[in-house]
2 protein chains.
Amino acid sequence: MPPPASRPIGLTLARTARAVSRAFDARLAEAGGSLPVWLILLSLRTQALGNQRELANAVGIQGATLTHHLNAMERNGLVTRRRDPANRRVHLVELTPAGKELFGRLRETAIAHDRRLRRGLTSAEVASLEQLLDRLHVNVADDDPAVT
Amino acid sequence: MPPPASRPIGLTLARTARAVSRAFDARLAEAGGSLPVWLILLSLRTQALGNQRELANAVGIQGATLTHHLNAMERNGLVTRRRDPANRRVHLVELTPAGKELFGRLRETAIAHDRRLRRGLTSAEVASLEQLLDRLHVNVADDDPAVT
DNA sequence: TATTGTTATACTCTATAACTATA
DNA sequence: TATAGTTATAGAGTATAACAATA
């Protein structure tokens, strides 16, 4: 049986994602942010997260990597960290007013980016794309290395 | 008019692409490669490229970045570089037998990865996905920053 | 002992600027 | 002067391992 004759979908996905994320990165940088910072702010604002492990998980990075970003964000006055009195191992991460302001700006950036991405696509097409992407995600998520 | 109410397609795209490319990276690493090395080998084998600038372009990186990878690949015995007698400014990049061997192995890896990605999708669905991704790509490619 | 998070360190990919060799 | 490529340097993002603090 022949290999898939057409252009591999993984290649198309990788190239599209790279182009799209570079464009988004550039916009975020103009607005004073970056992708990890945006994802961290977004997670903090839209999810109730009990600790940094959960936050790291929501963003899709390791705990130490999150610490790295939080250090920079704290240095830049975007977040504060303080011990949870109820469990002093846990650090409560909170947005400062500057952090909330940046969140607002980056949200505008993200909305504009998405509007641009959707240009010329019907909402049915976007929904279909989203659903197909989710299925790809599931296909690599179930880590069954025995797939030959 | 309200912002897109649903989950931003850019976020779904970014998360899917990250998960998929991490899975692919892991497979490539097991096979002794990496994504940039695979893209370089693929370009060398499937396109007629006149010089390194064109090669860098095909891979989607800067010339200096390409040099960086070629240095490593040459160190590892995968490619050779020699001056083009017709224009001694140009360096002809050629695969060694070891380079061709690695190409073959990585191609198998890429094919298996793609087979896995496509699981449960009809070829019409894959075609539709590919076409939608291409349209997103076009939407960010035309760099018209005046899109509000 | 287990859990939470930080520090130390390093790696990969990428880029820009300055440089060399050739035309 | 212009073009092809390299070298030098740096920065962002990520990771693992060892550690400190707390439970």
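Remember, predicted model here, so these are calculated numbers, not experimental data. Residue numbers start from 1 in every chain, and the chains themselves are labelled A, B, ... in the order their sequence lines are given, proteins ahead of strands.
Between B:H91 and D:dT6 there is a side-chain N or O to OP1 or OP2 distance below 4.0 Å. Side-chain N/O atoms of B:N71 include one lying less than 4.0 angstrom from OP1 or OP2 on D:dT7. Dashed line: the shortest gap from a side-chain N or O of B:H68 to OP1 or OP2 of C:dT12 is not under 4.0 Å.
For A:D25 and D:dG13, the CG to P distance is 8 Å, given to the nearest whole Å. Distance, B:H69 NE2 to C:dA15 P: 9 Å, rounded to whole Å. At whole-Å resolution of the value, CG in B:L70 and P in C:dC13 are 13 Å apart.
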Could you pull out all donor-acceptor pairs under 3.5 Å where a side-chain atom in residues 49-66 of chain B meets a protein atom, sequence neighbours excluded?
from  : atom 1 : to    : atom 2 : distance (Å)
B:N51 : OD1    : B:R53 : N      : 3.1
B:N51 : OD1    : B:E54 : N      : 2.9
B:E54 : OE1    : B:G50 : N      : 2.9

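No single ILVMFWY cluster, assembled from side-chain heavy atoms under 4.5 Å apart, contains both B:I111 and B:L35. Taken together through direct or relayed side-chain contacts under 4.5 Å among Ile, Leu, Val, Met, Phe, Trp and Tyr, A:L132 and A:V20 form part of one hydrophobic cluster.
Expressed to the nearest 0.5 Å, how far CG of B:L121 lies from CG of A:L136 amounts to 6.0 Å. Atom OG in A:S128 sits 10.0 Å away from atom CD in A:E130 (nearest 0.5 Å).
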Stepwise, does the side chain to side chain contact (heavy atoms under 4.5 Å, CB included) test hold for B:K100 with B:R105?
CA-CA 9 Å; B:K100 290 179 189 169; B:R105 244 178 310 146; over 6 Å; no
For A:L133 and A:L13: C-alpha separation, side-chain torsions, deciding distance, then whether side chain to side chain contact (heavy atoms under 4.5 Å, CB included) applies.
CA-CA 9 Å; A:L133 287 173; A:L13 174 65; 4.0 Å; yes
With B for base contact, S for sugar-phosphate-only contact and - for none (protein heavy atoms under 4.0 Å), nucleotides 18-23 of chain D reads ---SBS
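In this structure, B:V126 and B:T122 have side chains that are not in contact, with every pair of non-hydrogen atoms separated by 4.5 Å or more. Using a 4.5 Å heavy-atom cutoff, the side chains of A:I9 and B:L129 are in contact.
Each end of the helix from C:dT1-D:dA23 to C:dA23-D:dT1 yields a helix axis from five base pairs, and these two axes differ in direction by 20° (to the nearest 10 degrees).
For A:R135 and B:E125, the salt-bridge test passes: some basic side-chain N is under 4.0 Å from an acidic carboxylate O. Taking a cutoff of 4.0 Å between a charged side-chain nitrogen and a carboxylate oxygen, A:R81 and A:E94 do not qualify as a salt bridge. A salt bridge links B:R7 to A:D134: at least one charged side-chain nitrogen sits closer than 4.0 Å to a carboxylate oxygen.
Of the residues in residues 12-23 of chain A, those placing a heavy atom less than 4.0 Å from an atom of DNA chain C are A:R22, in numerical order. Residues of residues 31-46 of chain B that place a heavy atom closer than 4.0 Å to DNA chain C, in numerical order, are B:S34, B:P36. Of the residues in residues 49-66 of chain B, those lying under 4.0 Å from DNA chain D by heavy-atom distance are B:N51, B:Q52, B:R53, B:A64.
Side-chain N or O atoms of A:R83 include none that pairs as donor or acceptor with a backbone N or O of A:H91 at under 3.5 Å. B:N87 places a side-chain N or O within donor-acceptor distance of the main-chain N or O of B:R89, the cut-off being under 3.5 Å. Using modelled atom types, no side-chain atom of A:D114 and backbone atom of B:P8 make a donor-acceptor pair closer than 3.5 Å.
Looking only at atom types and distance, the side chain of B:N139 has no donor-acceptor partner in the side chain of A:R115 under 3.5 Å away.
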